[in-house]
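Just so you know, these numbers come straight off a predicted model, no measurement behind them. Read the numbers this way: they start at 1 and go in the same order the structure lists the ligands and their atoms.
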Amino acid sequence: MSRKIWVFDTTLRDGEQVPGAKLNLYEKLEVAKQLKKLQVDMIEAGFPSSSTGDFNAVKEIAKKVGNSDDVIITALARAANTDIDAVYHSVKYAENPLIHIVLGTSDIHLEKKFGKSKNQILDIGVDAVKYAKTLLPDVQYSTEDASRSDFEYLWETIEAVVNAGATIINIPDTVGFAEPEEFGELIFKINDRLKNLNDQVLLSVHCHNDLGMATANTLAAIKNGADKVECTINGIGERAGNASLEEVVMAIHTRPKIYQAHTNVNTREIMNTSRMVSGFMGLDVQVNKAITGENAFAHSSGIHQDGLIKSRDTYEIINPIDVGLDDMELVLTARSGRHAVKNAFEKLGMDQFTNSEFEEIFTDFLELADAKKEVYNHDLYVIIENYFKKHIRNDQDTNHYSNNFYELIDLQVISNTKFPSASVELKKADQIIKGSAVGSGPIDALYSAIMDVCDVDMKLVQYDIRSVSRGREALGKVKIQVEFQGETYIAKASDTDILKASAYAYVNAINNIVVDHLLPIK
Ligand code: KIV
Ligand code: ZN
């Protein structure tokens, strides 16, 4: 008989832990809406106690995406009442909220991370579950580093937290140490005891990819009784990432007899979700990545092409249409009407704009189409990203940030062999400020000129530039990493003029710091 496997997506929590992948509230909301279309069962929307921004994003997702019965919204808490409160007060707006608590069980974590005894940690975990149960009926407990834990202590913990009311037990292979056969045996043993203890409790797994085995371990767990899997889109996540949702889901979908299981995922939304996550987070998908890589369905060898022409199943185990791969990408131009542009956004899963929002987006589209003639799907993500940025600015304009933001008005950059130089004009509140500098190259000069007038002592750590989509007129996307008072900030910007994109990215980084630190006006 085919069992339902619950799919828990943690792209917005574990996935967002990738350095530089931080999303703003609008982007998070858009990804959450798309995850709902993908029909995942549970969305882990963030780690609310980590920042006010994360708390607000989880709350908005709970309100706007968790407003129906078909999806569970959760967020992560450490085993501390303040963390649990933050989760409760952000997820409680959802129809089906869940509190997710994590606490380590391995000797390494107990001794080296917490410096506490097994009994002490067990009591903390049980108390945390008891407290969470006073707030919500559904509580997931994750035994961090489970795959390196002493089995009997791991089981003792599971038994105690289930008796305290946990409704889902999650077994993480936190450091990607597990091996499929061994992990399968672990899940089999836990499942056997758990179903005897309380057969209503779901058994879940959460695998990391440090040895490239996250998908294999997750599938081994399913074969051995796991009811639920935790995954991310494109396999993004801490270090080498998490089990990739599209790989796990398509393996089950393609080999149902092997796994005797099915999921509720709408596989035709996989490509849209993958592209949205990759576009917003600025994380390219490896070209040969299973399912979502650019080459996953491309056949180059003559022998293969010949076979495919005769019959697709000679070399294709998945019909590309089943993962939402529509090879008819429309190329838009300034002459494409509203209808075509709206349709192109809808095909990418972005179909929930009001008329006035769409009008604003259409104006941005026309501006870009004038500059670069041909507009591709990748460019549409950039239009939306910039639109969201503008809105954050406008939202914040109504509060105390507005007078502290910098806005780039103009720039001039001269590149030559002896003295590359730049001058910039920025605006802050009603003040126009001008600066100039020479540098070792045009970007160095440009950034020095901006630093000359901005009151933020940050250090550029990394600068990346790449083209978005194709052609000579392609948008240049600049991503920078800066450090300010020991914290890392990432900022992005795109423009057909790469110097402007570089300047915008730098000013965006400064404004991100302003939001966090509310710097005084110079
Ligand atoms: O990897 C891990 O252990 C986690 C837990 C919070 C589930 O991400
Ligand atoms: Zn993890």
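Looking only at distances, no side-chain donor or acceptor of N242 sits under 3.5 Å from a matching main-chain atom of T232. Under a 3.5 Å cut-off, the side chain of K37 and the backbone N or O of G349 do form a donor-acceptor pair.
The immediate protein surroundings of ligand 1, defined as residues with any heavy atom under 4.0 Å of it, consist of R13, D14, L76, V102, S142, E144, N170, P172, T174, H206, H208.
The salt bridge (Lys or Arg N to Asp or Glu O under 4.0 Å) analysis of residues 226-240, with sequence neighbours excluded, yields the pairs R3-D227, K195-D227, D210-R239, K228-E230.
Using a cut-off of 4.0 Å between Lys/Arg side-chain N and Asp/Glu carboxylate O, E156 and K118 are scored as not salt-bridged. Here D284 pairs with R466 in a salt bridge; the nearest charged N to carboxylate O distance falls below 4.0 Å.
Using a 4.5 Å cut-off on side-chain heavy atoms (C-beta onward), Y153 and L122 make contact. The shortest side-chain heavy-atom distance between E16 and D54 falls under the 4.5 Å cut-off.
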Next item on the list: Give the C-alpha distance, both sets of side-chain angles, the deciding distance and a yes or no for side chain to side chain contact (heavy atoms under 4.5 Å, CB included) between I43 and V65.
Entry: CA-CA 9 Å; I43 297 173; V65 181; 4.1 Å; yes
Using residues 247-257 as the side-chain source, report each donor-acceptor pair under 3.5 Å to any protein atom, sequence neighbours left out, with the distance given to one decimal.
unit_1: E247; atom_1: OE1; unit_2: T215; atom_2: OG1; d: 2.8
unit_1: E247; atom_1: OE2; unit_2: K289; atom_2: NZ; d: 2.6
unit_1: T254; atom_1: OG1; unit_2: M250; atom_2: O; d: 2.5

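Annotation: protein N, O or S atoms under 2.8 Å of the Zn ion (ligand 2) (waters excluded) comprise D14 OD2, H206 NE2, H208 NE2.
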